**Student:** 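Once you've had a glance at the structure underneath, I'll fire off some questions.
Each chain gets a letter, A, B and so on, in the order the sequences are listed, and its residues count up from 1. What you are looking at is a predicted structure, and each value in this text was computed from that prediction instead of being measured.
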Amino acid sequence: MLFEYFASLNPMALMRALPGNVAQGLVWAIMALGVFITFRLLDFADLTVDGSLATGGAVAVVLIRMGVHPAPALIFAFIAGMLAGLVTGLLHTALGIPGILSSILTQIALYSVNLGIMGKSNQAINVDQYPLVASLRYVTGDPSTRTMFFVGLIGSVLLLIVVLYWFFGTELGAAIRTTGCNPNMARAQGISTNFMTVLTLMLSNGLVGLCGGVYAQYQGAADVNMGRGAIVIGLAAVIIGEVLFGKLVAGKNFTFAYTMMSVCVGAILYYMVITVVLWLKMPSDYMKLFSAVVVATFLAVPHLRAKHHHKKHKAKGVVKA
Amino acid sequence: MSIMLEVKNVHKIFNAGTINQKIALNGVNLTLNEGDFVTIIGGNGAGKSTLLNAVAGVWDIDEGEIIIAGDDVTELPEHKRAPYLGRVFQDPMNGTAATMGIDENMAIAARRGQRRTLRWGTTKAERAKYHDMLVSLGLGLEDRMTSKVGLLSGGQRQALTLLMAAIQKPKLLLLDEHTAALDPKTAAKVLEISDKIIAENHLTAMMVTHNMKDAIAHGNRLIMMHEGRIIYDVSGEEKMNLQVSDLLAKFGEASGGTFANDRMMFV
């Protein structure tokens, strides 16, 4: 029976899935960078993402169907995401609602908003009718289209990393990092932590909206549920990147740029792992459960490792009480 | 000589109307002249740190006025008062951003009171300036300028925080038990650095301490607080001649002899 199981696995199918995984991972990397900004730099677990991703997708698709070119449509997807971030930010800072709850409220509200934007739960756009910037068809298409698509996608993600690297190196970016690291100190140094929090949530969700716009084009439709569990994928990318490459990139010049790159690689690896698991014939119904377990595991690793380390040293009498 | 700080009839009650109600400041009046260096002592809950936090705007006060260098800042939020103030806290973790470099932390402080723009956060020119400032600390930090501050010891972090507090000359330097978490030797070093920075920059300063010897040895003025009020205010020659026993007697008088278990006893 085991033999039959292994005989039924087709290595070629896995190979064929590879370019699709990479493309999908790269698209989601845009969102993962957004999640990285809030989760790591601002220290804010922002669940708005699950809603703002679909908002970005909905806005892009509706605009494209109205005749807007797919590329500028992405700008509006970005802006729509920023507005979602603004709402979460104001709920938290102006109205004093705890951060995570603010983001959940926005996320829930966005479900209705997204339905309103699209008029129904799903809106398709056909790659034959519109000059989409991304499409699964480009991946499966002829080699030159495929190369062009990957060069463009990788180039865009790298450009995004360069822009973010620059931004977080500026006075404003440094103020955001200070806010995330030590809000008391930030205020003592004249930084409005409320303003920085709102600004960061807007930037982050802008990227998530942008990702939604690209992803909707990639899969040929926006769906009101397309963002469900997105935060988990984003966190998975961040954490996989950190666990695998954290030591490697630490203490170098441009560490921050490398960290963002490892987040993107983390997103790609996430999709590869998912594909392998599906290829091993795990029922797709269990995918969300599997994703959650992966993220929980990777989140727990640094904690458990530190604990273990502490115990070991305590036994040797190195760490006092 | 101009007036640097005026605290007028400031009241603050925490958890008002609940079982945990605590009158933290009960009509505090204080005027500091430019160049004053006042040390503040008092038992636990006397309102020393609360007074500093009231000046810094950590929360709104219930009543009264706070005027720094002629500007009424009573209604200003914490981050808008920051340009007037340099602050060092009891916990060395509080004054700096641990995941950022020494140079970055200094650059953040150097822009206190300025708009944060899209210009580069730490320029080469200012790095050279910070290098020289760090040399003056004599702790060897100038060789580790890009190291994360989280890697520094408590004493090093406090020294850096002091430097950062003075980098944009503040109207008022607030030292909130900033040596309490350090070992005696490091505490002495940090106090020495504090004195130096205050003297070199001609700063007006307030220093909360539990150590009566330190309170006597430093500054030109000393105030004692008890139950949210200033109960003793001494300066000039009278302060210089002060003995720890005088302060204990004064404190005993104020608290009706209930000070025996208080931290005030740890001289």
**Student:** Run through B:T117, B:L118, B:I108, B:T122 and flag the one making a side chain to side chain contact (heavy atoms under 4.5 Å, CB included) with A:E171.
**Tutor:**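 Exactly one option meets the side chain to side chain contact (heavy atoms under 4.5 Å, CB included) with A:E171, and it is B:T117.
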**Student:** Does B:P83 have any side-chain contact (heavy atoms from CB on, under 4.5 Å) partners at least two apart in sequence or in another chain, and if so, which?
**Tutor:**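 Per chain and number, B:P83 pairs via side-chain contact (heavy atoms from CB on, under 4.5 Å) with no residue.
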**Student:** Would you mind reporting whether A:T178 and B:M100 have side-chain heavy atoms less than 4.5 Å apart?
**Tutor:** yes
**Student:** Near A:F76 CZ, under 6.0 Å, is it more than 12 heavy atoms from other residues, nucleotides or ligands?
**Tutor:** no
**Student:** Which heavy atom in B:A82 sits nearest to a heavy atom in A:A188, and how many Å separate them?
**Tutor:**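 Smallest interatomic distance, heavy atoms only, reads CB-O, 3.3 Å.
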**Student:** More than 12 non-hydrogen atoms from neighbouring residues, nucleotides or ligands closer than 6.0 Å to CZ on B:F14, yes or no?
**Tutor:** yes
**Student:** In terms of heavy-atom contacts, does CZ of B:R127 have more than 12 from other residues, nucleotides or ligands at under 6.0 Å?
**Tutor:** yes
**Student:** What are the two closest non-hydrogen atoms of B:A98 and A:C181, and how far apart are they?
**Tutor:**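 For B:A98 versus A:C181, the nearest heavy atoms are N-SG, 3.3 Å.
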**Student:** Check each atom of B:R81 against the heavy atoms of chain A and say whether the ones under 4.5 Å are side chain, backbone, both or neither.
**Tutor:**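 For B:R81, there is no contact with chain A at all, as no heavy atom is under 4.5 Å.
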**Student:** For the atom pair CD1 (A:I191) and CD (B:E78), what is the distance rounded to the nearest 0.5 Å?
**Tutor:**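 It is 11.5 Å, given to the nearest 0.5 Å.
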**Student:** Please check if atom CG in B:D132 has more than 12 non-hydrogen atoms from other residues, nucleotides or ligands closer than 6.0 Å.
**Tutor:**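 Enclosed: over 12 neighbouring heavy atoms sit under 6.0 Å from CG of B:D132.
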**Student:** Between B:R87 and chain A, which part of the residue has a heavy atom less than 4.5 Å away: side chain, backbone, both or neither?
**Tutor:**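 B:R87 touches chain A through side-chain heavy atoms alone.
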**Student:** At what distance, to the nearest 0.5 angstrom, does CZ of B:R112 lie from CD of A:Q189?
**Tutor:**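 It comes to 5.0 Å.
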**Student:** Would you say that more than 12 heavy atoms from the other residues, nucleotides or ligands in this model lie under 6.0 Å from the CZ of A:F168, or not?
**Tutor:**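 Enclosed.
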**Student:** Non-hydrogen atoms of chain A under 4.5 Å away: do they reach the side chain of B:A56, the backbone, both or neither?
**Tutor:** neither
**Student:** Does atom CD (B:E75) have a neighbourhood of more than 12 heavy atoms from anything else shown, all under 6.0 Å?
**Tutor:** no
**Student:** If we ignore hydrogens and angles and just use 3.5 Å, is the side chain of A:N182 paired with the main-chain N or O of B:N94 as donor and acceptor?
**Tutor:** yes
**Student:** What distance separates B:R116 CZ from A:T170 OG1, expressed to the nearest 0.5 Å?
**Tutor:** 11.0 Å
**Student:** Considering only heavy atoms, which portion of A:F167 lies under 4.5 Å from any heavy atom of chain B: side chain, backbone, both, or neither?
**Tutor:**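 The answer is the side chain of A:F167.
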**Student:** Please check if the number of heavy atoms outside B:M133 that lie under 6.0 Å from its CE is greater than 12.
**Tutor:**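 Yes.
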**Student:** In terms of heavy-atom proximity below 4.5 Å to chain A, should B:E104 be classed as side chain, backbone, both, or neither?
**Tutor:** side chain
**Student:** Which atom pair, heavy atoms only, marks the closest approach of A:W166 to B:W120?
**Tutor:** O-CZ3, 3.4 Å
**Student:** Looking at side-chain heavy atoms only, is the closest gap between B:M164 and A:M185 below 4.5 Å?
**Tutor:**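 Answer yes - side chains close enough.
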**Student:** To the closest 0.5 Å, what do you measure between OG1 (A:T255) and NZ (B:K148)?
**Tutor:** 6.5 Å
